[in-house]
Amino acid sequence: MIIGNRKFENYTYVFAIVNLTPDSFYAPSRNDEYSVLKTVERAVKDGAAVIDLGAQSTRPGHVEVSADIEISRLMRPLELIKRNFDIPVSVDTYFSKTAKAALEAGADMINDVWGLTHDKDMAATAARYGASVCIMHNAEKTLEGDIWLSSLGFPLLLGTSRKSMFGGNAEDRLEATLQSTRLAAENKILFVRVHDVKENAQAVREVYGRC
């Protein structure tokens, strides 16, 4: 798979979650234009292969913000990252207006948690800019469906980092997240989307070191 100027294959790569929201469920992942460069620098040093920027919280009980607010949160950090780092950037949005603005500003990928179904113009917008797309699915999709997609050759991204499915508080879910990352690496899942880059990248290296 190609994202931006990089080709990804035969490994499990780390997507670093960089949130630009004041209400993301895991507080340490929150950033703004003043902290984002330091966060990205650390993520790159720790082993991130892609930066995933989000300007809309999708945690349970979240209040949706408009595409215009997303854009206002995204533009300056995105420009700073693209200017200072040679790393692909994914933007987490389900609004085509946000996607268009982000892609024009240099984003390489759109990560749509609604699987291109929330905004009828999203697929065409991504295609117009030649962007890579992550089509997220909801919890109703079956394991058999995932296996079918994988068998057809579609690369998969696992997004379980510190999620409520592990129980307890978000701050206490690192070890469970690492276990899911090890499982992903053992099954040659192409990407894991995580908050804790260093620890998850190390978990991937340990698995591949045994292969």
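The figures that follow rest on heavy atoms only: side chains count, while hydrogens, waters and symmetry mates do not.
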Exercise for the section: Go through Glu199 and Leu174 one step at a time and tell me if the side chain to side chain contact (heavy atoms under 4.5 Å, CB included) criterion holds. Expected result: CA-CA 9 Å; Glu199 294 86 348; Leu174 176 57; 4.2 Å; yes
Completion exercise
Heavy-atom closest pair (Ala123 atom, Leu116 atom, distance to 0.1 Å) is CB-CD1, 4.1 Å
Problem - Pairwise distance CG(Leu74) to CD1(Ile69) - rounded to 0.5 angstrom - result: 12.0 Å
Exercise for the section: Ignoring hydrogens and angles, tell me if any N or O in the side chain of Asn187 forms a donor-acceptor pair with the backbone of Ile189 under 3.5 Å. Expected result: no
Exercise for the section: Look up atom CE in Met75 and atom CD in Glu79, then write down how far apart they are to the nearest 0.5 Å. Expected result: 7.0 Å
Completion exercise
dist Asp112:CG -> Ser96:OG (nearest 0.5 Å) comes out at 10.0 Å
Exercise for the section: Run the salt-bridge test on Arg162 and Asp196 with the 4.0 Å N-O cut-off and return the result as yes or no. Expected result: yes
Problem - Hydrophobic cluster identity match, Leu157 and Tyr208, side-chain contacts under 4.5 Å - result: yes
Exercise for the section: Could I get the full list of ring pair (Phe, Tyr, Trp, His ring centres under 6.0 Å) partners for Phe8, not counting sequence neighbours? Expected result: Tyr13, Phe191
Problem - With sequence neighbours excluded, residues passing salt bridge (Lys or Arg N to Asp or Glu O under 4.0 Å) with Glu171 - result: none
Exercise for the section: Quick one: do Tyr34 and Arg76 satisfy side chain to side chain contact (heavy atoms under 4.5 Å, CB included)? Show the steps, please. Expected result: CA-CA 10 Å; Tyr34 303 104; Arg76 179 63 174 163; over 6 Å; no
Exercise for the section: Can you establish whether the number of heavy atoms outside Lys198 located under 6.0 Å from its atom NZ is more than 12? Expected result: no
Problem - Transitive ILVMFWY side-chain link Ile110 to Met1, under 4.5 Å - result: no
Exercise for the section: Please answer: with hydrophobic residues joined when any side-chain heavy atoms are less than 4.5 Å apart, are Ile17 and Leu158 in the same cluster? Expected result: no
Practice task
With Lys100 as the cation and Phe95 as the aromatic partner, state whether NZ or CZ is under 6.0 Å from the six-membered ring centre and within 45° of the axis.
Solution key: no
Exercise for the section: Answer yes or no: is there an ion pair linking Arg182 with Glu186, defined by an N-O contact shorter than 4.0 Å? Expected result: no
Practice task
Determine the sole option in Thr177, Thr12, Thr181, Asp46 for which the side chain to side chain donor-acceptor pair (under 3.5 Å) test with Asn200 is passed.
Solution key: Thr181
Practice task
Heavy atoms only: give me the nearest Met122-Ala99 pair and the separation to one decimal.
Solution key: SD-CB, 3.7 Å
Problem - Thr160 side chain near Phe166 side chain, heavy-atom distance below 4.5 Å - result: yes
Problem - Arg30 side chain to Thr21 backbone, donor-acceptor under 3.5 Å - result: no
Exercise for the section: Answer yes when Asp68 and Lys97 have at least one side-chain N-carboxylate O distance shorter than 4.0 Å, and no when they do not. Expected result: yes
Practice task
Please name all residues satisfying salt bridge (Lys or Arg N to Asp or Glu O under 4.0 Å) with Glu41, sequence neighbours left out, ordered by chain then number.
Solution key: none
Handout entry: Passing candidate, side-chain contact (heavy atoms from CB on, under 4.5 Å) with Arg193, options Asn111, Val14, Val50
Key = Asn111
Practice task
Look up atom CG in Leu78 and atom CD1 in Ile71, then write down how far apart they are to the nearest 0.5 Å.
Solution key: 11.5 Å
Practice task
Check each of Asp92, Ile81, Thr93, Val40 against Leu53 using the side-chain contact (heavy atoms from CB on, under 4.5 Å) test, and report the only one that passes.
Solution key: Ile81
Practice task
Determine, for Arg6 against Asp86, whether the closest basic-nitrogen to carboxylate-oxygen distance falls under 4.0 angstrom.
Solution key: no
Exercise for the section: Kindly determine whether Phe154 and Ile135 satisfy side chain to side chain contact (heavy atoms under 4.5 Å, CB included), including the steps that lead there. Expected result: CA-CA 11 Å; Phe154 291 102; Ile135 305 173; over 6 Å; no
Handout entry: Value rounded to 0.5 Å, distance of CG in Leu20 from CG in Asn31
Key = 6.5 Å
Handout entry: Minimum-distance pair of heavy atoms, taken over all atoms of Val113 and Tyr94
Key = CG2-CD2, 3.7 Å
Exercise for the section: Could you state whether Val133 and Ile3 fall into the same hydrophobic cluster, counting links through intermediate Ile, Leu, Val, Met, Phe, Trp or Tyr residues with side-chain heavy atoms under 4.5 angstrom apart? Expected result: no
Practice task
Examine Phe15 and Leu103 and state if one hydrophobic cluster contains both, with Ile, Leu, Val, Met, Phe, Trp and Tyr joined whenever side-chain heavy atoms are less than 4.5 Å apart.
Solution key: no
Handout entry: For the student: nearest non-hydrogen atoms of Ala48 and Val197, plus distance
Key = N-CG1, 3.5 Å
Exercise for the section: For Ser161 and His195, indicate whether the former's side chain and the latter's backbone hold a donor-acceptor pair under 3.5 Å. Expected result: yes
Problem - Backbone of Val65 reached by a side-chain donor or acceptor of Gln56 within 3.5 Å - result: yes
Practice task
Look only at the side chain of Asp108 and the backbone of Val89, and say whether a donor-acceptor pair between them is shorter than 3.5 Å.
Solution key: yes
Problem - Between CG on residue Asp32 and CZ on residue Arg73, distance to nearest 0.5 Å - result: 11.0 Å
